[in-house]
Amino acid sequence: MPELPEVEVVRRGIDRWATERSIAAVDVLYPRSVRRSPGGAGAIRAALVGDAFRCASRRGKYLWLPLSIGGDQALVVHLGMSGQVLMQSVDAADEKHLRVRVRFDDDQREMRFVDQRTFGGLYIDDVIEGVPSTIAHIARDPLDPQFDRDATIRAIRRKDTEIKRVLLDQSVISGIGNIYADESLWRSKVNGRRSSGSLSSSKVGEVIDQATVVMREALAQGGTSFDSLYVNVNGESGYFERSLDAYGREGEPCRRCGAPIRREAFMNRSSFRCPRCQRSPRTRRSPRT
DNA sequence: CAAGAATCCTGCCAGC
DNA sequence: TGCTGGCAGGATTCTT
């Protein structure tokens, strides 16, 4: 489940291993994986072959690879739920869920997009003012140097809904998914069902800061494994088993107070929280009369 | 216009 | 043993 840290590890891998190399061929093995690309597989091939990726950029969970010659276009990569980018030897057997292959003229390692659940995909997009047009609505993420913390606090508090929903709203703050949302709420001792407008500015700031810290920590660990395992540019940060305090810990003791972590249904998925450190809101927002 | 629900997708696993 | 239903969830699309 790639969120910002995992996607950033992938970005670094692509930036290091797949840029400034002339593209020889593009094989789309599964059309659904390029469904967002205008013109489909043929258009992707036409845009990429003979060109090269200049670098790898990221905003939130989106990656894009600007082209060297077709300078106002980029290949956008979204990993979805299960997407991976692998740098593999051209001789390596196809992965079971290999969707797209990019070969280079130098015949060195090829770039492969592997995706079991096919929520992710690749597509060509126009870059406008430095950002692909389809991700212009995605807010800056907390690791972006131009991230505006105060403006984000205001945007969060303006929303009339539960704080966890807002954390997952990529148009307000990007990069956070279900796992890091639960982790930052646990760290800041906020129940995700609290209404965002009812939280003080400083409390919202604390949630943002904890989200930033937890994602930085995950990235630090993922980045380490990336250096030695560059072949596996796969978004596995190795962070999960060791360091999560809330997510996936149903019934296990809270590391702060010992109360058993509780799991609840939320937005068609699961939320994990400490029932003592993250008390339920006293008053539920009353429905409009 | 905004909030929230429905939707897509496949492997895995618990339960029968 | 083999089937079935539930579960995992990011982001778009649809509905209210």
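Hydrogens, waters and symmetry mates are skipped; everything else that's a heavy atom, side chains included, is used. Sequence lines set the chain letters: A, B, ... in the order given, protein chains first and strands last, and positions in each chain run from 1.
C:dA11 has no base stacking with the ring of A:F119 when judged by centroids under 5.5 angstrom apart and an interplanar angle below 30°.
With hydrogens and angles ignored, no donor-acceptor pair under 3.5 angstrom links the side chain of A:R165 to the base of B:dA3.
Between A:D141 and A:K61 there is no salt bridge, since no side-chain N of the basic residue sits under 4.0 Å from a carboxylate O of the acidic one. Looking at A:D125 and A:R36, no side-chain N of the basic residue comes within less than 4.0 Å of a carboxylate O on the acidic one, giving no salt bridge.
With rounding to whole Å, A:M81 atom CE is found 14 Å from C:dC7 atom P. Taking atom CG on A:L79 and atom C1' on B:dC8, their separation rounds to 17 Å, with Å as the unit. Distance CZ (A:R157) to P (B:dA2): 19 Å, rounded to an integer number of Å. C:dG9 atom C1' lies 16 Å from atom CD of A:E183, rounded to whole Å. Across the protein-nucleic acid pair, A:H97 atom NE2 and B:dG11 atom C1' stand 7 Å apart, rounded to whole Å. Atom CG of A:D169 is separated from atom P of C:dG10 by 13 Å (rounded to the nearest Å). If you measure from atom CD of A:Q116 to atom C1' of B:dC8, you get 14 Å, rounded to the nearest angstrom. Atoms CE (A:M267) and P (C:dG9) sit 11 Å apart, rounded to a whole Å.
Phosphate contact (OP1/OP2 of B:dG4, side-chain N/O of A:T161, threshold under 4.0 Å): present. Contact annotation: A:Y30 reaches the phosphate of B:dT10 (side-chain N/O to OP1 or OP2, under 4.0 Å). Proximity of A:H78 to the phosphate of C:dT12: no side-chain N or O atom is located under 4.0 Å from OP1 or OP2. Put simply, A:R117 has no side-chain N or O that comes within less than 4.0 Å of OP1 or OP2 on B:dC8. Close to C:dA8, at under 4.0 Å from its OP1 or OP2, lies a side-chain N or O of A:S270. Within the structure, a side-chain polar atom (N or O) of A:R36 is placed less than 4.0 Å from OP1 or OP2 of C:dT12. Close to C:dA11, at under 4.0 Å from its OP1 or OP2, lies no side-chain N or O of A:H137. Residue A:Y62 places at least one side-chain N or O closer than 4.0 Å to OP1 or OP2 of C:dT12. At the phosphate of B:dA3, OP1 or OP2 sits under 4.0 Å from a side-chain N or O atom of A:K159.
Side chains of A:S280 and A:R193: a donor-acceptor N/O pair is absent below 3.5 angstrom, by distance only. Side chains of A:N178 and A:K164: a donor-acceptor N/O pair is present below 3.5 angstrom, by distance only.
Candidate nucleotides B:dA3, C:dG10, B:dG11 were compared by shortest atom distance to the side chain of A:L168, and C:dG10 ranks first. Set against C:dA8, C:dA11, B:dC8, the side chain of A:Y247 has C:dA8 as its closest nucleotide. Comparing atom distances between the A:N268 side chain and each of C:dA8, B:dT7, B:dC8 picks out B:dT7 as nearest.
Here the shortest heavy-atom pairing between A:T19 and A:A56 reads CG2-N, 4.3 Å. When all heavy atoms of A:R256 and A:R187 are compared, the closest pair comes out as NH1-O, 3.7 Å.
In terms of position on DNA chain C, the residue among A:R269 and A:I135 whose nearest nucleotide sits closer to the 5' end is A:R269. If you find the closest nucleotide of DNA chain C to A:Q170 and to A:F272, the one lying nearer the 5' end belongs to A:F272.
Using a 4.0 Å heavy-atom cutoff across all strands shown, A:R263 reaches sugar-phosphate atoms only and no base atom. Residue contacts for A:R158: at a heavy-atom cut-off of 4.0 Å it reaches no nucleic acid atom on any strand shown. Within 4.0 Å of A:F266, counting heavy atoms only, lies no atom of the nucleic acid at all.
Under the rule for a salt bridge (Lys or Arg N to Asp or Glu O under 4.0 Å), the partners of A:D209 that lie at least two apart in sequence or sit in another chain are A:R149.
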